[in-house]
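Please read the structure below before turning to the comments.
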Amino acid sequence: VQLVESGGGLVQAGGSLRLSCAASTQTFDSYDFGWFRQPPGKEREFVAAINWSGGSTYYADSVKGRFTISRDNRRYMVYLEMDRLKPEDTGVYYCAASTGMGITTREYNSWGQGTQVTVSS
């Protein structure tokens, strides 16, 4: 499945951004999806995941209560709503697809190209 992220940008601390991920597959609702991020100079890390129906979600502790993952199975879209952003949320954000909802990169076999999010203090 091909994935294309959009919606990144520069925002001040405390602000909000909404990331979108467009998937090109006719079997969209057979996939679970995750969002990962890669801060400057660091490894890629898990942010959030959602199962095929949208009925189950999971978040990294660092974003719990501030970020919301969702999906639209009719439009083949996955979203990440990010509120109360902090400078430490800065990084390249990636959308990924899997047949099992996981929190490690190796559990995902399709990745987008990433979108840059920069939070200024």
- G91 and P40 have their tightest heavy-atom pair at CA-CD, 4.4 Å
- Task: Supply the atom-to-atom distance Q38 CD to E43 CD, rounded to the nearest 0.5 angstrom.
- Result: 8.0 Å
- Between OG of S56 and CD1 of I50, what distance do you get to the nearest 0.5 Å? 8.5 Å
- Task: Would you check if Q113 and E5 make a side-chain contact, meaning some heavy-atom pair closer than 4.5 Å?
- Result: yes
- Could you tell me the separation between the CG atom of L3 and the OG atom of S110, rounded to the nearest 0.5 Å? 6.0 Å
- Task: Taking only Lys NZ, Arg NE, NH1 and NH2, and the carboxylate oxygens of Asp or Glu, determine whether D29 and R71 approach each other closer than 4.0 Å.
- Result: no
- Query: Heavy-atom distance under 4.5 Å between the side chains of Q2 and T25, does that happen here?
  - Reply: no
- Message: Applying side-chain contact (heavy atoms from CB on, under 4.5 Å) to Q12 and L85, what does each step give before you reach the verdict?
- Response: CA-CA 8 Å; Q12 288 188 331; L85 282 160; over 6 Å; no
- Item | Backbone N/O of T118 and side chain of T90: donor-acceptor pair under 3.5 Å | no
- Message: Checking side chain to side chain contact (heavy atoms under 4.5 Å, CB included) between F67 and each of T57, L19, L17, L80, which is the one that passes?
- Response: L80
- For K42, which residues count as a side chain to side chain donor-acceptor pair (under 3.5 Å) partner, sequence neighbours excluded? none
- Query: Would a hydrophobic clustering, with Ile, Leu, Val, Met, Phe, Trp and Tyr connected at side-chain separations under 4.5 Å, put V1 with I69?
  - Reply: yes
- Task: Starting from the C-alpha separation in whole Å, work towards a yes-or-no answer on side-chain contact (heavy atoms from CB on, under 4.5 Å) for M77 and S20.
- Result: CA-CA 7 Å; M77 296 290 295; S20 299; 3.7 Å; yes
- Message: Please find the pair of heavy atoms, one from P87 and one from A13, that lie closest to each other, and give the distance.
- Response: CD-CB, 4.1 Å
- F46 and its side chain to side chain contact (heavy atoms under 4.5 Å, CB included) partner, picked from W35, Y58, Y59: Y58
- For D83, what residues pass the side chain to side chain donor-acceptor pair (under 3.5 Å) criterion, not counting sequence neighbours? S16
- Sorted by first residue and then second, give each salt bridge (charged side-chain N to carboxylate O under 4.0 Å, His left out) pair with at least one member in residues 52-64; sequence neighbours left out. D61-K64
- Task: Nearest 0.5 Å please: distance from the CD atom of E107 over to the CE atom of M101.
- Result: 10.0 Å
- Task: Keeping to residues at least two apart or across chains, list the ring pair (Phe, Tyr, Trp, His ring centres under 6.0 Å) pairs with something in residues 87-111.
- Result: F36-Y108, F36-W111
- Between the SG atom in C21 and the OH atom in Y79, the distance rounded to the nearest 0.5 Å is 10.0 Å
- Message: Show every salt bridge (charged side-chain N to carboxylate O under 4.0 Å, His left out) that has at least one partner inside residues 44-59, sequence neighbours left out.
- Response: R37-E45
- Note on the structure: Of all heavy-atom pairs linking L10 and S120, the shortest is CD1-CB, 4.4 Å
- Query: Would you find a donor on one side and an acceptor on the other, under 3.5 Å apart, between the side chain of D32 and the backbone of S98?
  - Reply: no
- Note on the structure: For R75, the side chain to side chain donor-acceptor pair (under 3.5 Å) test, sequence neighbours excluded, returns D72
- Task: Please test F33 against F28 for ring pair (Phe, Tyr, Trp, His ring centres under 6.0 Å), starting from the C-alpha separation and ending with a verdict.
- Result: CA-CA 10 Å; F33 287 89; F28 181 82; 4.9 Å; yes
